[in-house]
Amino acid sequence: MSSQKTIVYLTALVAVGIIVVGLIAAVFHSMILAPIPVIGGILAIIVLLTNKGNFPHTTENLEKIMFLVTFIIIICSFIMLYKPI
C-alpha cells in the first residue's frame, strides 16, 4: 500500500513538471503551448484523487484519457510550431 501511494505522488510530481515546463515554453516561446499547463493541472488533480474514497477506478480511466489528450496536444503544438512557412 505504501509503494502505491509513493507511485501516485511521483506521478503527481510528473504532472506538476508538465505544468512548469509548459508554462516556461508558453512564456518564452509561443502561446500556442498554453493548453499544456492547463491539462497538466487537471492531470495532477486526477492523479492525487486516486487515493481518495471511491474514485480510483474512475480517476484511472480519466487519467488515461488525459494522458492521451496531453500527448495529442503536444504533437499538434510541435507540428504548428515547426511547420515550414
Side-chain angles (χ1 to χ4, degrees):
M1 186 71 167
S2 178
S3 66
Q4 182 181 5
K5 286 185 179 183
T6 304
I7 291 172
V8 168
Y9 290 125
L10 289 175
T11 306
L13 188 61
V14 168
V16 171
I18 290 171
I19 295 169
V20 172
V21 170
L23 284 173
I24 291 171
V27 169
F28 291 119
H29 192 61
S30 175
M31 288 308 288
I32 294 173
L33 299 172
I36 293 174
V38 174
I39 292 172
I42 295 169
L43 190 65
I45 292 168
I46 289 172
V47 168
L48 288 173
L49 283 176
T50 57
N51 285 334
K52 308 287 185 209
N54 297 338
F55 294 115
H57 183 66
T58 305
T59 55
E60 284 180 13
N61 291 335
L62 288 173
E63 183 182 338
K64 290 175 188 175
I65 292 169
M66 290 304 295
F67 272 119
L68 182 63
V69 169
T70 304
F71 186 65
I72 290 170
I73 288 177
I74 289 170
I75 290 171
C76 290
S77 296
F78 276 110
I79 290 171
M80 291 174 68
L81 284 171
Y82 298 112
K83 67 179 177 183
I85 298 176

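In terms of hydrophobic clustering, with Ile, Leu, Val, Met, Phe, Trp and Tyr side chains grouped at heavy-atom distances under 4.5 Å, Val27 and Ile24 are assigned to a common cluster. Connection of Met80 to Val69 is established within a shared hydrophobic cluster, with ILVMFWY side chains joined at heavy-atom distances below 4.5 Å, either directly or through further cluster members. Under the 4.5 Å side-chain contact rule for hydrophobic residues, Ile65 and Phe67 share a cluster.
Between Ser77 and the choices Ile74, Ile79, Ile75, Ile73, the side chain to side chain contact (heavy atoms under 4.5 Å, CB included) rule is met once, by Ile73.
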